[in-house]
Amino acid sequence: MEKTTHKIQSFVRRSGRLTLGQKTGLIDLWPQFGIDTPTGLIDLNSVFAKIQPVTLEIGFGNGDSLLEMAINMPDQNFLGIEVYEAGIGRLINEANKHQLTNLKIIKEDAVEILKHHIKDKSFESFQLFFPDPWHKKKHHKRRIVQTDFLDLISNKLQNGGTIHMATDWENYAQHMMETLEKHPHFKNTLGAHIYSSRPEHRPVTKFERRGERLGHGVWDLIFIKE
């Protein structure tokens with residue numbers, strides 16, 4: 001009898017009522033900002049208005065920081081992958097207000113997209129900000145930052161590209177640091193076991209400000225692919 005393997009899912013699909021603006025972004029503006037999953041590889045050079053370096057962000061939530069980065073860095077293309085429909089709709093609606101041409105969205109499981117629809121060495125940088133910490137010990141296996149995931153990101157990053165993560169859970173920060181430093185293709189830009197200060201290009205979100213008011217710390221990790 002064949003053994004069945006169960007895929008561990010690192011995210012929860014949240015659904016709920018959408019506002020009019022979110023519906024507009026998710027439906028009416030989707031052809032302008034969304035990328036439908038093809039049967040084969042996505043040609044990133046053809047989906048953006050200009051050919052320029054691409055930053056990938058997974059799990060952008062409501063999209064505030066990704067929007068601000070796309071506005072502030074017009075010479076960089078941004079690809080966001082998320083499954084949270086309200087956040088996707090909100091981000092697209094806001095991106096349309098700013099007439100952004102350097103931001104595209106995919107509404108699917110990021111791991112599946114990376115495995116099957118993205119060419120190797122497609123991205124100059126990768127961002128993962130405040131992923132679900134799965135704080136209970138029995139759920140730690142659900143955390144997206146695992147060796148297999150880093151192998152996948154390593155394949156999709158260009159040599160010399162950067163991987164930037166941030167979390168407000170110290171235990172998860174320690175796990176990220178340990179997993180990244182063990183990986184043969186990533187090197188801490190500041191040296192062993194050193195967390196980075198928040199770089200200017202990463203906006204402070206409302207979520208982060210609320211955490212700071214409650215006394216929560218934030219840990220940034222910036223590594224380079226060798």
Side-chain angles (χ1 to χ4, degrees), residues 8-16 55-73 78-88 90-91 94 103 105 109-111 114 123 125-150 152-153 157 161-183 186-224:
I8 292 175
Q9 191 159 290
S10 62
F11 60 88
V12 175
R13 289 186 183 269
R14 291 175 289 165
S15 59
T55 292
L56 167 67
E57 181 169 340
I58 286 176
F60 55 75
N62 64 14
D64 283 349
S65 62
L66 185 56
L67 176 73
E68 192 171 333
M69 292 178 81
I71 292 169
N72 292 339
M73 291 186 273
F78 291 87
L79 174 63
I81 306 180
E82 175 60 85
V83 295
Y84 175 43
E85 289 192 339
I88 293 168
R90 183 181 186 279
L91 174 58
E94 292 299 314
L103 176 64
I105 307 300
D109 179 348
V111 171
L114 290 171
F123 305 111
S125 55
F126 167 72
Q127 300 176 169
L128 182 70
F129 298 151
F130 306 102
D132 193 326
W134 293 103
H135 56 277
K136 292 181 180 178
K137 192 169 183 180
K138 66 180 180 180
H139 290 152
H140 283 185
K141 63 184 178 182
R142 292 181 177 270
R143 290 174 169 178
I144 192 169
V145 181
Q146 308 290 351
T147 299
D148 288 351
F149 176 72
L150 294 184
L152 184 57
I153 295 301
L157 269 180
T162 58
I163 181 167
H164 181 188
M165 300 184 185
T167 181
D168 61 340
W169 283 81
E170 186 173 11
N171 175 269
Y172 201 178
Q174 292 166 351
H175 170 79
M176 288 175 172
M177 180 68 77
E178 180 181 337
T179 310
L180 277 164
E181 290 194 330
K182 282 182 178 177
H183 198 279
F186 293 116
K187 181 180 179 182
N188 193 330
T189 55
L190 293 183
H193 317 309
I194 300 176
Y195 295 97
S196 300
S197 300
R198 180 185 62 84
E200 285 187 8
H201 67 262
R202 181 176 77 74
V204 180
T205 64
K206 291 177 184 176
F207 163 83
E208 192 174 348
R209 287 194 191 98
R210 184 171 69 243
E212 286 175 347
R213 287 196 299 271
L214 295 171
H216 297 174
V218 172
W219 292 265
D220 281 75
L221 302 89
I222 302 177
F223 280 65
I224 191 167

J.: T147 versus K182: any side-chain heavy-atom pair under 4.5 Å?
T.: no
J.: Is a donor on one side and an acceptor on the other found under 3.5 Å between the side chain of D220 and the backbone of P199?
T.: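 Not a single qualifying donor-acceptor pair exists.
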J.: Please name all residues satisfying salt bridge (Lys or Arg N to Asp or Glu O under 4.0 Å) with E68, sequence neighbours left out, ordered by chain then number.
T.: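 Not a single residue meets the salt bridge (Lys or Arg N to Asp or Glu O under 4.0 Å) criterion with E68.
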J.: What are the two closest heavy atoms between F60 and G80, and how far apart are they?
T.: CE2-C, 3.6 Å
J.: Just verifying a value: how many Å separate L66 CG and T205 OG1, rounded to the nearest 0.5 Å?
T.: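 Atom-to-atom, L66:CG and T205:OG1 are 12.5 Å apart.
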J.: With rounding to the nearest 0.5 Å, note down the distance linking OG in S196 to CG in L221.
T.: 7.0 Å
J.: I need the M69 CE to I71 CD1 distance, nearest 0.5 Å.
T.: 12.0 Å
J.: Between H140 and N171, is any pair of side-chain heavy atoms under 4.5 Å apart?
T.: yes
J.: Under 3.5 Å, is there a donor-acceptor pair between the side chain of T189 and the main chain of I222?
T.: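 Present.
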J.: Could you give the distance from CD (Q127) to OG (S65), rounded to the nearest 0.5 Å?
T.: 7.0 Å
J.: Could you go through the side-chain contact (heavy atoms from CB on, under 4.5 Å) check for N72 and H201 one step at a time?
T.: CA-CA 8 Å; N72 292 339; H201 67 262; over 6 Å; no
J.: Could you walk me through whether L180 and N188 pass the side-chain contact (heavy atoms from CB on, under 4.5 Å) test, one step at a time?
T.: CA-CA 8 Å; L180 277 164; N188 193 330; over 6 Å; no
J.: Measure the shortest side-chain to side-chain distance between V145 and Y172 over non-hydrogen atoms and say whether it is less than 4.5 angstrom.
T.: yes
J.: So, do H175 and Q146 sit near enough that their side-chain heavy atoms are less than 4.5 Å apart?
T.: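 Result yes, sub-4.5 Å side-chain heavy-atom pair found.
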J.: Is there a donor-acceptor pair closer than 3.5 Å between any side-chain N or O of E82 and the backbone N or O of I88?
T.: no
J.: Okay, side chain of E181, backbone of H193: is any donor-acceptor separation there less than 3.5 Å?
T.: yes
J.: Quick one, P131 and M176 - any side-chain contact, counting heavy atoms below 4.5 Å?
T.: yes
J.: Going by salt bridge (Lys or Arg N to Asp or Glu O under 4.0 Å), name the residues that satisfy it together with D168, two or more places apart in sequence or in a different chain.
T.: none
J.: Is the shortest side-chain heavy-atom distance between F78 and E57 below 4.5 Å?
T.: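 Contact flag for F78/E57 side chains = no.
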J.: Should T55 and F123 be marked as a side-chain contact (heavy atoms from CB on, under 4.5 Å) after you check the CA-CA gap, both sets of side-chain angles, and the distance that decides it?
T.: CA-CA 6 Å; T55 292; F123 305 111; over 6 Å; no
J.: Where is the tightest heavy-atom contact between P133 and W169, given as atom of each residue plus distance?
T.: CG-NE1, 3.2 Å
J.: So how far is it from I105 CD1 to L91 CG, rounded to the nearest 0.5 Å?
T.: 4.5 Å
J.: Quick one: do F126 and L114 satisfy side-chain contact (heavy atoms from CB on, under 4.5 Å)? Show the steps, please.
T.: CA-CA 12 Å; F126 167 72; L114 290 171; 5.6 Å; no
J.: Nearest heavy-atom pair of L128 and I144: which atoms, and what distance?
T.: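 Reported closest heavy-atom pair: CD2-CG2, 3.7 Å.
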J.: Heavy-atom distance under 4.5 Å between the side chains of F223 and L150, does that happen here?
T.: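 Contact flag for F223/L150 side chains = no.
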J.: Please tell me if the side chains of V218 and F129 come closer than 4.5 Å, counting only heavy atoms from C-beta onward.
T.: no
J.: Show the nearest heavy-atom pair for residues R202 and R198, with the distance to one decimal.
T.: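 Between these two residues, the closest heavy atoms are O-NH1, 2.5 Å.
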J.: Looking at R90 and E94, does any basic side-chain N land under 4.0 Å from a carboxylate oxygen?
T.: no
J.: How close do L103 and A70 get, counting heavy atoms only, and between which atoms?
T.: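 Heavy atoms only, the tightest pair is CB-CB, 4.4 Å.
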J.: About how many Å separate CD of Q174 and CD of E170, when rounded to the nearest 0.5 Å?
T.: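 Between E170 CD and Q174 CD, I get 5.0 Å after rounding to 0.5 Å.
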